[in-house]
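Below is one structure; the comments refer to it alone.
In listed order, ligands and their atoms are each counted from 1.
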Amino acid sequence: METTLKPGVLMGALVGAMLTAPLMALFFLGDRLAGLAFVPLDLFDWIARNLPGGLITFGIDRMIDVLLGLGVEPLDAAAKTAEQFMGLVTFFSIGVIAGAVFFFIMRRRPAVMGYIPGLILGIIVGLPLIAISISVNVSATADPLFSALWAAALFLAWGAAFSWLYNDLTAIEEDTAKAKTDVEAQPSRRRFLINVGGATATLTVVGAGLGALLSSGDGSTSTATINNDSTSTTAATDGAGNTLPNADAVVQAAPGTRPEYTPIDQHYRIDISSRPPVIDGDTWSMPIRGLVENEVSYTLDQLRNDFEPVDQYVTLACISNRIAGSLVSTTRWTGIPMRTLLEEAGPLPEAGWLKISSADAFFEYVSLDLIREDERVMLCYAWDGEPLRERHGFPVRIYIPDRYGMKQPKWIINMEVVADWDEGYWVRRGWSREAIMNATSVIDTVSAESAYEADGTTYVPIGGIAHAGARSISRVEVSIDSGEWVEAQIREPLSDTTWVVWRYDWAFEEGSHVFAVRCYEDDEAMTPQVETVRGTRPDGATGIHSVQEFIRVADADEEADA
Ligand SMILES: Nc1nc2c(c(=O)[nH]1)N[C@H]1C(S)=C(S)[C@@H](COP(=O)(O)O)O[C@H]1N2
Ligand SMILES: [Mo]
């Protein structure tokens, strides 16, 4: 008979929700206020890292489908936000389930035992989560010991609150039962829950609100600018105001083409963690050890001051970029040829590979032969003339020409010369071993607004980009309404490791048209881009990009008369 007077599983779930929301808000506040570990996101990172690769890719693909369907831009920032949101939902669900289970078990206990059951709950849920947080967190700036103590205190308080609420709710049930006739007694449980809910909601809002206020913002929000002004799309300077090497190029981008040199705030960003690792540039140093004659180690100052800096304009793309996707960008990379550093270490005869490891547990292998043969392989410490941004790999990352981003670790903390190749982070999860960039061409714009007249014909500029890693583009062709492929003009590129901007001035005909583009590599064979449609996994997407648009030129006749 007594058990019926005890609050049940649904009540437990409700209490779980009421207590877990402020717990998360306090974790967030600790993160913003003191750089303490944000355990809910650590949990998500840990899950994402330990799921089989196929499942992760499937999950990310579905997420991208949803975001694309919603028209969310920029996609990579939105994906990061969605990931963080999924992390918070997962953690919250654990709290709700913990509440339900706790009340379920307590119902079957004969007597109330003060705060002990709640504290035990806090330990059972908290301990593994703290262990997970310690193992994956690389973005917290506070001492891991402080983070662990802080998390332990929060989980214990959270657990104790379950006992406190459970005991009070039980007491209220009993009072209510005794006072069956008392009209006042019935609403007391509801009043109690409203009071508790109000208190936890206030704590949540104040904690999260303060945390948000304290967020300096790491600049991860980027605004997409569509440029309809032909002078700014082919801007002649980089972020620091330096003249770009192809400033005098004859061919101008069709208005509406993406910026040829990506503004640094708009450079795409992809990494395995929900937040970038935070590294102190003053204390960081990078060793090269393993099968070498001299173990060497470099501080950031040494890398900047003791070596002649090299600049390279580079187009970087993610292997999970879809045809015409936004995960590709171009900027100027500054650093030191990896060959120079390798020579200082002096690999032993049996050495074959360089294992590069990152602060976020990411790693990849680069062949020593490649480093020796290709001096463009570079240890990079600056982008667009500035120290690498936190999210782009501060303090150093590697550049390997012709490879997708998955081969190019950011946030490097260690290099080890080893004898044998092994699978890198994404290779283990089923992605390409070589990750050579596929030749790709994209239509950015069919610019009816920029139509112009010449010799009695109206022309509409069409334009976009094409790239093939470090293999250069020799020719771009356009086809309209499945007609003959005709050659487009190519703007002289920033370098032979960047995309080219192409343009085709089309003799306009009003109506709905399908525009398609394809490109050729700059080799003897003039290798054409692969036209077969193939998804991103495992070797990167291939296929022709085409767009269908209804093209009408406003007042074309009037302009011709004028
Ligand atoms: N340490 C580390 N390096 C990394 C990654 C990562 O998750 N961790 N992601 C890789 C992938 S998949 C890509 S596409 C590029 C993206 O670089 P960006 O974010 O600076 O554009 O970084 C690569 N290097
Ligand atoms: Mo990537």
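- We find that Asp539 and Arg433 are not joined by a salt bridge, their nearest charged nitrogen and carboxylate oxygen being 4.0 Å or further apart.
- When heavy-atom distances to ligand 1 are checked against a 4.0 Å cut-off, Ser358 comes that close only through its side chain, counted from C-beta outward.
- Relative orientation of the Tyr365 and Trp421 rings is tilted, given thresholds of 30° and 60° on the angle between their planes.
- The shell of residues lying under 4.0 angstrom from ligand 1, judged by heavy atoms, includes Pro409.
- Ligand 1 places these atoms under 4.0 Å from at least one heavy atom of Arg269: 19 (O), 21 (O).
- Heavy-atom proximity to atom 17 (O) of ligand 1, evaluated over Glu364, His267, Gln408, Arg397, is greatest for Arg397.
- Ligand 1 has no N or O atom lying under 3.5 Å from any N or O atom of Leu316, backbone or side chain.
- Looking at Tyr268 against ligand 1, both its backbone and its side chain come within 4.0 Å, counting heavy atoms.
- With respect to atom 7 (O) of ligand 1, the closest heavy atom belonging to the protein is Ile272 N, 2.8 Å.
- Closest to atom 18 (P) of ligand 1, if we only count protein heavy atoms, is Lys410 NZ, 3.4 Å.
- Inclusion of Trp411 in the set of residues having an N or O under 3.5 Å from an N or O of ligand 1 is not warranted.
- Of the protein's non-hydrogen atoms, Gly405 O, 3.1 Å is the one closest to atom 23 (C) of ligand 1.
- Here is the list of ligand 1 atoms found below 4.0 Å of a heavy atom in Trp383: 20 (O).
- Between Cys318 and ligand 1, a contact under 3.5 Å exists for no N or O pair.
- Taking the six-membered ring for Trp, Tyr381 and Phe307 have ring centres at least 6.0 Å apart.
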Legend entry - Intermediate values then yes/no, side-chain contact (heavy atoms from CB on, under 4.5 Å), Leu23 and Leu154: CA-CA 7 Å; Leu23 176 67; Leu154 285 184; 3.7 Å; yes

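- Using a cutoff of 4.0 Å between basic side-chain nitrogens and carboxylate oxygens, Asp65 and Arg322 are scored as salt-bridged.
- When each of Asn438, Thr440, Val500 is paired with His467, the side-chain contact (heavy atoms from CB on, under 4.5 Å) condition holds for Thr440 and for no other.
- Looking only at protein heavy atoms, the nearest one to atom 9 (N) of ligand 1 is Ile270 O, 3.3 Å.
- Between Thr330 and Thr315, the side chains place a donor N or O and an acceptor N or O closer than 3.5 Å (distance only, hydrogens not considered).
- In this structure, His392 and Trp383 have tilted ring planes: the angle between them lies in the 30° to 60° band.
- For an aromatic pair to be called close, the ring centres must be under 6.0 Å apart, and Trp333 with Tyr399 satisfies this.
- At the shortest separation from atom 8 (N) of ligand 1 among protein heavy atoms lies Asp360 OD2, 2.7 Å.
- Of the charged side-chain nitrogens involved, at least one lies within less than 4.0 Å of a carboxylate oxygen, so that Arg403 and Glu434 count as a salt-bridged pair.
- Taking the six-membered ring for Trp and thresholds of 30 and 60 degrees, Trp150 and Phe27 have ring planes more than 60 degrees apart, a perpendicular arrangement.
- When heavy-atom distances to ligand 1 are checked against a 4.0 Å cut-off, Phe363 has no atom that comes that close, whether in backbone or side chain.
- Of the N or O atoms in His392, one or more lie within a sub-3.5 Å distance of an N or O in ligand 1.
- At a 4.0 Å cut-off, not a single heavy atom of Trp431 sits close enough to ligand 1 to count as contact.
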